[in-house]
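Chain letters run A, B, ... following the sequence lines, proteins first, then strands; residues in each count from 1.
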There are 2 protein chains.
Amino acid sequence: MTQRRIQILDAAAELIAEKGFIQTSVDDVIARAGLSGKSHFYHYFKSKDALGHEVLARQFDLLGERGLAILSESSLDPIERLQVFIDSVVAMQVERGMKGGSPFGALASDMAEQDEGFRVRIARVFRGWIDEIAGLLSQAEDRLEEGTDPVRLARFIVAALEGATTMARMKRDVSLMHGVASDLKRFLTSHVRGSVTR
Amino acid sequence: MTQRRIQILDAAAELIAEKGFIQTSVDDVIARAGLSGKSHFYHYFKSKDALGHEVLARQFDLLGERGLAILSESSLDPIERLQVFIDSVVAMQVERGMKGGSPFGALASDMAEQDEGFRVRIARVFRGWIDEIAGLLSQAEDRLEEGTDPVRLARFIVAALEGATTMARMKRDVSLMHGVASDLKRFLTSHVRGSVTR
DNA sequence: TGCGGTTTGGACTGACGGGTCCAATATTGA
DNA sequence: TCAATATTGGACCCGTCAGTCCAAACCGCA
């Protein structure tokens, strides 16, 4: 029951990451999940869109968990944690062989165009990450250079990661991903008081 | 003849920017371009994919022109030009009311998934921008901080702009776009010798 | 063994989209 | 003016896909 739902969600997540939402047919999902018969699928999900929304929500949870695990690793100070976090986003993308969807943007960019509900949902996901990172930066606020706005810096970090992932995906270029990430970390430290900017 | 082709290309570019490539049907294009009858369309284009490729190439040319006009504005020094350029990317996105596709990435991210040819083409487009910007940075190499790699910096700039556009589109947030752009300019100047980093 | 319900398979429907075809209409040139 | 050629309109074909429906298989359970 719930078992099966998860099976379907996993299969769908994979396919959506590979081909995009529109390009993924319900039949594809069924095949990948190893069910046969559509009624089976429609027994668990109201519609393809409903599935999409759930995949997105789930993806967010999974990334959130993974991100949170790092972002709350208390043996490191907030700034270091953030750096490890950036590396882990890179690692996730490399893992997928540069093929998979970005953190969420590209994965879901066609979803966003599909209906307004998706767009709002994706926007919320971005917001979630930004908030998490901004929270971490705030923790280290006393170490930040005068006038550094945590939210703004968080936005920049997420934007750069998002863009790097999209570009790396298009160019199938792992080194690009690494390059941007390390520049980003340097950018981050340049906002930290007393650290050597280069 | 060529006139009509351009009409079709313009219509298609609009629609693709709004809805994505897959979501745009040939009938949509025909309606927007004011033709009636499909044969008319197929008289000018071999297939929908062929149209897509041409739109992409054209978009690149148009952006290239616009970008080049700024990037070669000789009354400003290279670094200033680059800053104006960043602003103009922002302006383009704001113009489209945060709806349109990013410089190209999101606009075409579903294209990329559609067929390998698109992906390669989009990758080339990114490369074009990076090369242009890197060239400009090289011109000012003597003013850059020791050890700054123009290509790498150029990649970072393009990635950040790309990501900012995607995020801004999802969140329908103009200020995000501006924020990232100004942070990016600050990042840029931090690589220029003797400039005040903040 | 036989009766209730649930799970499963897969045929089917209807809409939509890409692409073709051909007939009608304009356009050219002699 | 007339025929040959280029342009136009739109009906049509075919494949795909979301979503429905029903019949068969499978389950307890008596």
Side-chain angles (χ1 to χ4, degrees), chain A residues 1-57 108-119 121, chain B residues 1-56 107-119 121:
Chain A
M1 33 197 81
T2 308
Q3 191 59 20
R4 270 290 158 73
R5 273 184 77 84
I6 292 173
Q7 225 172 2
I8 296 173
L9 286 166
D10 284 340
E14 275 177 40
L15 287 163
I16 291 172
E18 285 168 22
K19 310 196 295 182
F21 178 68
I22 301 171
Q23 297 277 81
T24 299
S25 73
V26 173
D27 289 319
D28 289 342
V29 175
I30 287 165
R32 177 78 61 107
L35 331 178
S36 66
K38 274 196 183 171
S39 49
H40 206 159
F41 172 87
Y42 282 96
H43 181 66
Y44 293 107
F45 296 92
K46 207 182 109 277
S47 65
K48 190 192 171 189
D49 276 15
L51 171 71
H53 280 286
E54 244 174 273
V55 166
L56 212 53
S109 73
D110 60 343
M111 282 178 162
E113 244 61 64
Q114 240 241 335
D115 93 33
E116 184 70 6
F118 279 132
R119 211 214 76 228
R121 199 141 196 153
Chain B
M1 29 198 88
T2 308
Q3 190 61 19
R4 270 288 160 75
R5 274 184 77 84
I6 291 173
Q7 225 172 5
I8 295 173
L9 285 167
D10 284 341
E14 276 175 38
L15 286 163
I16 292 172
E18 284 168 22
K19 309 198 293 179
F21 178 68
I22 301 172
Q23 295 277 85
T24 300
S25 73
V26 172
D27 289 320
D28 289 342
V29 174
I30 287 166
R32 177 78 60 107
L35 332 177
S36 67
K38 274 195 185 172
S39 50
H40 204 161
F41 172 87
Y42 282 95
H43 181 66
Y44 292 107
F45 297 91
K46 204 181 113 280
S47 66
K48 191 193 172 190
D49 276 15
L51 171 71
H53 279 286
E54 243 174 276
V55 167
L56 212 54
L107 171 157
S109 72
D110 60 341
M111 281 178 163
E113 244 60 64
Q114 240 242 334
D115 94 33
E116 184 69 7
F118 279 132
R119 212 215 76 228
R121 198 142 198 152

Does B/Lys48 put a side-chain nitrogen or oxygen below 4.0 Å from OP1 or OP2 of C/dG18? yes
When the distance from OH of B/Tyr42 to P of C/dG18 is rounded to whole Å, what number comes out? 6 Å
Just the rounded figure in Å: distance from C1' of C/dG18 to CD of B/Gln23. 15 Å
For B/Asp27 and D/dG9, give me the distance from atom CG to atom C1', rounded to whole Å. 13 Å
Atom CZ of A/Phe45 to atom C1' of D/dT20: distance rounded to whole Å? 18 Å
Determine, for A/Phe41 and A/Arg4, whether the Lys NZ or Arg CZ falls below 6.0 Å from the six-membered ring centre while staying within 45 degrees of the axis. no
Nearest-Å distance, CG (B/Asp28) to P (C/dG18)? 8 Å
Round to the nearest Å and state the distance from A/Asp49 atom CG to D/dG19 atom C1'. 12 Å
note: A/Ile22, atom CD1; D/dA18, atom C1'; distance rounded to Å ~ 14 Å
Send over the distance from B/Leu35 CG to C/dG19 P, rounded to a whole Å. 16 Å
Side chains of A/Phe118 and A/Asp49: does their closest heavy-atom pair fall under 4.5 Å? yes
Any idea which of C/dG19, D/dT8, D/dG19 is nearest the B/His40 side chain? D/dT8
Looking at every strand, decide which applies to A/Ser39 at a 4.0 Å heavy-atom threshold: base, sugar-phosphate, or nothing. base
Is any side-chain nitrogen or oxygen of A/Arg4 closer than 4.0 Å to OP1 or OP2 of C/dT7? no
Where the side chain of A/Lys38 meets the backbone of A/Ile30, is there a donor-acceptor pair that is under 3.5 Å apart? no
For A/Thr24, is there any backbone N or O sitting under 3.5 Å from a side-chain donor or acceptor partner on A/Lys48? yes
Under a 4.0 Å threshold between the charged nitrogen and the carboxylate oxygen, would A/Glu18 count as salt-bridged to A/Arg32? yes
Could you say whether A/Val26 or B/Lys38 is positioned toward the 5' end of DNA chain D, judged by the nucleotide with the nearest heavy atom to each? B/Lys38
Using heavy atoms to find the nearest nucleotide of DNA chain C for A/Gly37 and A/His43 separately, return the residue whose nucleotide is more 5′. A/His43
